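Because the structure is a prediction, the values reported are computed rather than measured. Just so we're on the same page: letters track the sequence lines, and every chain starts at 1.
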There are 2 protein chains.
Amino acid sequence: MQKQETLSKNQKIILDLIEKSDQPLKAYSILFDVKKKGINAPLQVYRALDKLVEIGKIHKIESRNAFIACKNSKCQIAKATVFSICESCEDVTEIHDHKLSEHLKDFKDNKGMKYNKYNLEFFGLCKKCV
Amino acid sequence: MQKQETLSKNQKIILDLIEKSDQPLKAYSILFDVKKKGINAPLQVYRALDKLVEIGKIHKIESRNAFIACKNSKCQIAKATVFSICESCEDVTEIHDHKLSEHLKDFKDNKGMKYNKYNLEFFGLCKKCV
DNA sequence: TTGTTAATTGTTATAATATAACATCATGTA
DNA sequence: TACATGATGTTATATTATAACAATTAACAA
């Protein structure tokens, strides 16, 4: 079997749900919501999430254990993610800043490490919560 | 009671352990190790970890749910952390790069968000694992 | 069209990570 | 003293994530 071009049934159900939300969803809240569609077990959710992260359709917000859809068509692989997170209302926004990306992409440490991925999370207060 | 200048007993025990390791430790592995010192419950560990993170003595590696000592004397508060993580051997190194810090410190999005903290994790293969 | 392989699904159980709730103790200070 | 605060200890539980196994499905080559 070749690399799938289309998503599987469970993957579609779960991606749909995440895309409808503009905020990150947690795995067990997703599970709760998709029970009516016949997805009954955590593992079914986590498997779909893993795949969706792998192909860049969603990203994991590591500090929150939550998953958000990627709205950037260019971002086909979850290689380089930047988020801002409001510590008061928990609003999360994906950031696409060319200059910042360039700096991060080109970053080299002094240990000869070869990077293929990074994740950056900014924390603070959004406009509403200041 | 004033803000503590010195660490409490449990905080010391747990900081000592983390400082002796050059790699991140997980909460329950810490718990296992400090049982001989009379710390018996997860909550005792998590409380100490929370405090140590708060005062900048240790950092949490969010993508790994693990805790590492901060070796940088300047880094008294866990406001700005950068790590490199080898996806093969899981080696973690804290990065202090002046130029990068400057870019991150000064970063402004276009939404008027006020940042007070960030966490950046680079993933790749270290020299040994390439 | 059959056999092979890999991806996906479904299921039960369990592991790993983290917090709630409550009681107690120690210490600094009004 | 008595009050507030921070730390501790304890039991129970919540939350997040994976192991292990069986069955099914889709793509492709012989």
Side-chain angles (χ1 to χ4, degrees), chain A residues 1-18 23-68 78 85 87 90 92 119 121, chain B residues 1-18 23-55 57-68 78 87 90 92 119 121:
Chain A
M1 204 185 193
Q2 295 301 82
K3 207 166 215 176
Q4 276 227 294
E5 314 237 325
T6 58
L7 298 175
S8 75
K9 183 178 128 261
N10 288 1
Q11 288 159 12
K12 259 183 227 137
I13 291 171
I14 285 168
L15 179 57
D16 276 358
L17 182 68
I18 297 176
Q23 286 301 302
L25 299 178
K26 305 207 141 210
Y28 277 71
S29 115
I30 292 169
L31 176 58
F32 179 86
D33 286 343
V34 298
K35 280 210 163 148
K36 47 183 166 294
K37 304 236 177 188
I39 296 176
N40 297 301
L43 199 44
Q44 295 176 288
V45 173
Y46 279 105
R47 284 197 284 226
L49 290 173
D50 283 352
K51 187 71 184 187
L52 293 169
V53 166
E54 189 191 323
I55 63 178
K57 291 288 188 184
I58 64 173
H59 303 302
K60 181 171 186 182
I61 311 298
E62 293 286 356
S63 66
R64 298 300 186 260
N65 301 314
F67 300 84
I68 193 167
I85 303 170
E87 292 184 302
E90 290 291 320
V92 173
N119 179 56
E121 297 179 8
Chain B
M1 206 181 193
Q2 294 300 82
K3 205 167 214 174
Q4 276 227 297
E5 313 238 323
T6 58
L7 297 175
S8 75
K9 183 178 129 258
N10 288 1
Q11 288 159 11
K12 259 183 228 137
I13 291 170
I14 286 169
L15 179 58
D16 275 359
L17 182 68
I18 297 175
Q23 286 300 303
L25 298 179
K26 305 207 141 211
Y28 276 71
S29 114
I30 292 169
L31 175 59
F32 179 86
D33 286 344
V34 297
K35 281 208 163 149
K36 48 182 165 295
K37 304 237 176 187
I39 295 176
N40 297 301
L43 199 43
Q44 293 175 289
V45 173
Y46 280 105
R47 285 198 284 225
L49 290 173
D50 283 352
K51 187 71 185 186
L52 293 169
V53 165
E54 190 191 322
I55 63 178
K57 290 289 188 184
I58 64 174
H59 303 300
K60 181 171 187 182
I61 311 298
E62 292 287 356
S63 66
R64 298 300 186 258
N65 300 314
F67 300 84
I68 192 168
E87 292 185 302
E90 291 291 319
V92 173
N119 179 56
E121 297 179 8

- [ ] Choose from dT10(D), dA18(C), dT9(C) the nucleotide whose nearest atom is closest to any side-chain atom of Lys60(B).
- [x] dA18(C)
Open item on the list: Among dT10(D), dT9(C), dA18(C), which nucleotide has an atom closest to any side-chain atom of Gln11(A)?
Closed with: dT9(C)
Task: Closest nucleotide among dT10(D), dA18(C), dA7(D) to the Arg47(B) side chain - done: dT10(D)
Task: Interatomic distance where NZ belongs to Lys26(A) and P belongs to dA17(D) [whole Å] - done: 8 Å
TODO: To the nearest Å, give me how far apart CG (Leu31(B)) and P (dA15(C)) are.
DONE: 16 Å
Task: Length of the CG-C1' vector between Asn40(B) and dA12(D), whole Å - done: 16 Å
Open item on the list: Under 4.0 Å from OP1 or OP2 of dT25(D): is there any side-chain N or O of Ser8(A) that close?
Closed with: no
- [ ] Begin with the C-alpha distance, continue with both residues' side-chain angles, and end with the deciding distance and a verdict on side chain to side chain contact (heavy atoms under 4.5 Å, CB included) for Lys9(B) and Ile13(B).
- [x] CA-CA 6 Å; Lys9(B) 183 178 129 258; Ile13(B) 291 170; 4.2 Å; yes
TODO: Report the C-alpha separation of Asn10(A) and Lys12(A) in whole Å, then their side-chain angles, then the decisive distance to 0.1 Å, and conclude whether the side chain to side chain contact (heavy atoms under 4.5 Å, CB included) test is met.
DONE: CA-CA 5 Å; Asn10(A) 288 1; Lys12(A) 259 183 227 137; over 6 Å; no
Open item on the list: OP1 or OP2 of dA17(D) versus the side-chain N and O atoms of Asn65(A): is any pair under 4.0 Å?
Closed with: yes
Task: Asn10(B) vs dG9(D): side-chain N/O to OP1/OP2 distance below 4.0 Å - done: yes
- [ ] Please figure out whether Leu43(B) or Arg64(B) has its closest DNA chain C nucleotide nearer the 5' end.
- [x] Arg64(B)
TODO: Would you mind telling me which residue lines up with the more 5' stretch of DNA chain C, Gly38(A) or Tyr28(A), judged by nearest nucleotide?
DONE: Gly38(A)
- [ ] Consider the side chain of Gln44(B), meaning its heavy atoms from C-beta on, and name the nucleotide among dT11(C), dG9(D), dA17(D) that approaches it most closely.
- [x] dG9(D)
- [ ] Specify the separation, in whole Å, of atom CG of Asp50(A) and atom P of dT16(D).
- [x] 16 Å
Task: Rounded distance (Å) that lies between atom C1' of dT16(D) and atom CD of Glu62(A) - done: 12 Å
Task: dA7(C) phosphate, OP1 or OP2, under 4.0 Å from Lys51(A) side-chain N/O - done: no
Task: Closest heavy-atom pair and its distance - Leu49(B), Phe67(B) - done: CD1-CE1, 3.6 Å
Task: Value in whole Å for how far the P atom of dT17(C) lies from CG of Leu25(B) - done: 12 Å
Open item on the list: I need the CG-C1' distance between Leu7(B) and dT27(C), as an integer number of Å.
Closed with: 17 Å
- [ ] Would you please say whether a donor-acceptor pair under 3.5 Å links the side chains of Ser63(B) and Glu62(A)?
- [x] no
Task: dA18(C) phosphate, OP1 or OP2, under 4.0 Å from Tyr46(B) side-chain N/O - done: yes
TODO: State the CD1-NE2 distance between Ile61(B) and His59(B), to the nearest 0.5 angstrom.
DONE: 8.0 Å
Task: Integer-rounded Å distance: dG6(D) P and Lys12(B) NZ - done: 18 Å
Open item on the list: Closest approach to the side chain of Lys9(A), judged atom by atom: which nucleotide of dT11(C), dA18(C), dT9(C) is it?
Closed with: dT9(C)
